[in-house]
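Hydrogens, waters and symmetry mates are skipped; everything else that's a heavy atom, side chains included, is used. Order of the sequence lines fixes the chain letters, A, B, ..., with proteins taken first and strands second; residue numbering starts at 1 for each chain. From a predicted model like this one, the values you see are computed outputs, not experimental measurements.
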Protein chains: 2
Amino acid sequence: MSLVAKSLGGFVNLPSMQALTLTEENYLKSIYTLQHRNATGEVSVNEIAERMQTKPATVTDMLRKLSEKELIHYEKYKKIQLSESGIAQALQILRKHRLWETFLHDKLQFSWDEVHEVAEQLEHIHSKKLIESLDAFLGFPKYDPHGDPIPNAKGEMPVSRAVTLLNVEHDINCQIVAVKDSSTAFLQQLERFGLQIGVTLQVKEQMAYDNSILVQTKSDPFFLSEKTADNILVIPVAEL
Amino acid sequence: MSLVAKSLGGFVNLPSMQALTLTEENYLKSIYTLQHRNATGEVSVNEIAERMQTKPATVTDMLRKLSEKELIHYEKYKKIQLSESGIAQALQILRKHRLWETFLHDKLQFSWDEVHEVAEQLEHIHSKKLIESLDAFLGFPKYDPHGDPIPNAKGEMPVSRAVTLLNVEHDINCQIVAVKDSSTAFLQQLERFGLQIGVTLQVKEQMAYDNSILVQTKSDPFFLSEKTADNILVIPVAEL
DNA sequence: AAAAATAATTTGTTTTATATAAAATTTATG
DNA sequence: CATAAATTTTATATAAAACAAATTATTTTT
């Protein structure tokens, strides 16, 4: 039975909150991600199970725990949402993950596709002072090496007006600012195309048959599959 | 039942070695430290139990596990020593701990007495590339902010010819290079005396009654207790 | 609206890591 | 050598995470 005072106005983000286990933190991260990918803003048990590489029964059990800690809104057989403090926690973890990725890339010369794995470990280090100092040391970066926005200390996420290569207007200059997929396989494929954060390009046309797109960079034009194009985020820029 | 091939010439420091748990790593670190503090180079179950804040029965159980992994030389009821691969592991953990302390102090402006706690977490991050890059980023430091030597990538420890303030010759210039005790209480007491790594001083005399010593720095002379003096390491230097 | 399919939960176990008290055993000491 | 001290064994305990099988709820199909 919790002795913690009832939250004020729904806010439970008290400093006295007990530390989460590594697995709990990973669940929050997964739910956050799925929630944002889903449009409805809600997540199912099966989705979580698949993402966490586990079975639904295990997920249900964890949801009960997260619910007891008031990190999610949960009713049996209903869809799941993060609570306000759950979102706050998830954003802190995301913040740590992306700051560490930035550190590894900017300071230790890790390549784009090497940062993720190590950041998965570093994101679970608990020290407020550490992460705020790291942020300052890095110059308060707004985006990580993948172009993903880094929540600030208050958990505010910089907005991005990025769109995928599938949705961007044709024949206008745009610059790659982020990728939706951070898997090694994807990042390495991008390297084969000479694509990375900061590269500018134009989408010339889209094939009606398979939705692949023709892309023009500094070098010769080439085709990207629908799947690949959908995972590349760009913003319009003035100059090529 | 282990399927790992028998070790060659006692060396089991294979790269394929399974990762240790956090607790196992902490045991190795403790045994390493006790072993070096003990002169005999051997460690007892009770000592370990006290240092790890646990009971002897728990220690015995862990020793069995560490022995199975060939990290210690262990026979029932006998004293304990790290094996060669145990030493190698301990040195790697010590290396990580001290490199992270250096990072926190040099790059993130953590004070002397703040670095230890966070480094205790960071030392358990597993990534060879991370630690070698960090080492390079820091300029391959030989000593951490407490003045303790940092093992290099091969596990070689820089030798230190430091002696404690109790043993140093009187009336010669010497410089503080390390402390034996890293507790917050001790470090904070040193601050009260204006003492830290790099400070130069002379030991003027030792009281026969309580072994306290009279110390001369740039400011007024003052007394240090035997206990405090024994935890401060210095090397002789040319200039005051 | 009933039947079938799908999704989620409960129940009963399992595993792993760590820890303990109490009893038994070995070693050390006076 | 008798006793004290140290260590080990035995028998449990707990917590976190996981899963299979059975059950229950919800959704979809007919």
Side-chain angles (χ1 to χ4, degrees), chain A residues 1-2 17-31 34-35 38 40-69 71-82 89 93 120-121 123-124 126, chain B residues 1-2 17-31 34-35 37-69 71-82 89 93 120-121 123-124 126:
Chain A
M1 193 55 184
S2 172
M17 188 127 69
Q18 80 239 56
L20 303 175
T21 68
L22 192 143
T23 311
E24 287 171 337
E25 292 197 343
N26 285 332
Y27 269 88
L28 289 182
K29 230 180 18 158
S30 289
I31 296 171
L34 291 169
Q35 197 166 286
N38 269 7
T40 80
E42 292 180 320
V43 185
S44 74
V45 171
N46 266 343
E47 282 175 309
I48 299 171
E50 192 182 359
R51 189 161 222 276
M52 299 294 291
Q53 297 276 62
T54 185
K55 297 288 181 293
T58 309
V59 173
T60 299
D61 208 53
M62 178 57 85
L63 294 179
R64 190 185 40 70
K65 279 172 62 183
L66 294 176
S67 183
E68 270 170 19
K69 296 184 179 181
L71 294 164
I72 58 173
H73 297 304
Y74 176 55
E75 286 176 84
K76 293 204 281 189
Y77 295 103
K78 298 271 166 64
K79 291 289 165 65
I80 297 114
Q81 270 191 309
L82 291 175
Q89 289 278 342
I93 300 162
E120 287 281 305
Q121 292 183 63
E123 74 190 2
H124 300 292
H126 294 292
Chain B
M1 190 56 184
S2 172
M17 189 126 71
Q18 79 241 52
L20 302 175
T21 68
L22 191 143
T23 311
E24 287 170 337
E25 292 198 340
N26 284 333
Y27 269 88
L28 289 183
K29 230 181 16 158
S30 289
I31 297 171
L34 292 170
Q35 196 166 286
R37 147 169 329 172
N38 269 7
T40 81
E42 293 180 319
V43 185
S44 75
V45 170
N46 264 343
E47 282 175 310
I48 299 171
E50 192 182 358
R51 189 163 222 274
M52 300 292 293
Q53 297 276 64
T54 185
K55 296 291 181 295
T58 310
V59 174
T60 299
D61 207 54
M62 178 58 85
L63 294 180
R64 192 185 41 69
K65 280 172 62 182
L66 294 176
S67 184
E68 270 170 19
K69 296 184 180 182
L71 294 163
I72 58 173
H73 297 304
Y74 176 56
E75 284 176 85
K76 293 205 281 189
Y77 296 103
K78 298 270 168 64
K79 291 287 165 64
I80 297 115
Q81 268 190 309
L82 291 175
Q89 289 279 340
I93 300 162
E120 287 281 304
Q121 293 183 64
E123 73 190 3
H124 300 293
H126 294 293

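Judged by distance alone with a 3.5 Å cut-off, a donor-acceptor contact links the side chain of Y77(A) to the base of dT24(D).
Here the closest heavy-atom approach between residue A49(B) and residue P56(B) is recorded as CB-N, 3.8 Å. T40(B) and E42(B) get closest at one heavy-atom pair: OG1-N, 2.9 Å. For E120(A) against H124(A), the heavy-atom pair with the smallest separation is O-CD2, 3.0 Å.
In this model, the phosphate group of dA16(D) is not approached by any side-chain N or O of T21(A) to a distance below 4.0 Å at OP1 or OP2. In terms of phosphate contacts, K76(A) brings no side-chain nitrogen or oxygen within less than 4.0 Å of OP1 or OP2 of dT26(D). Look at T58(A) and you'll find a side-chain N or O under 4.0 angstrom from OP1 or OP2 of dC19(D).
Rounded to whole Å, the distance from NZ on K79(B) to P on dA6(D) is 10 Å. Residue E68(A) contributes atom CD, which lies 11 Å from atom P of dA16(D) at whole-angstrom precision. Look at CD on E75(A): it is 15 Å from P on dA25(D), rounded to the nearest Å. Between the CD1 atom of I80(B) and the P atom of dT7(D) there is a distance of 7 Å, rounded to whole Å. Between the CG atom of L63(A) and the C1' atom of dA16(D) there is a distance of 16 Å, rounded to whole Å. Counting to the nearest Å, the C1' atom of dA6(D) and the CG atom of D61(B) are 17 Å from each other. As rounded to whole Å, 19 Å separates atom P of dT24(D) from atom NZ of K78(A).
Listed in residue order, the members of residues 42-55 of chain B having a heavy atom less than 4.0 Å from DNA chain C are T54(B), K55(B).
Bracketed by its first and final contacts, the part of DNA chain C lying under 4.0 Å from non-hydrogen atoms of chain A reaches from dA7(C) to dT10(C) in 5' to 3' order.
Within the structure, salt bridge (Lys or Arg N to Asp or Glu O under 4.0 Å) contacts touching residues 50-59 of chain B (residues at least two apart or in different chains) do not occur. Pairs of residues two or more places apart, or lying in two chains, that qualify as salt bridge (Lys or Arg N to Asp or Glu O under 4.0 Å) and include a residue from residues 57-67 of chain A are E24(A)-K65(A), D61(A)-R64(A), R64(A)-E68(A).
Going from atom CG of L71(A) over to atom CD of E25(A) covers 10.5 Å, rounded to the nearest 0.5 Å.
Checked against side chain to side chain donor-acceptor pair (under 3.5 Å), S30(A) has no partners two or more places apart in sequence or in another chain.
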What side-chain donor-acceptor pairs closer than 3.5 Å can you find for residues 72-81 of chain A, not counting sequence neighbours?
{"residue": "Q81(A)", "atom": "NE2", "partner": "G41(A)", "partner atom": "O", "Å": "3.4"}

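Of the possible donor and acceptor atoms, one in the side chain of Q35(A) sits under 3.5 Å from a partner among the backbone N and O of L82(A).
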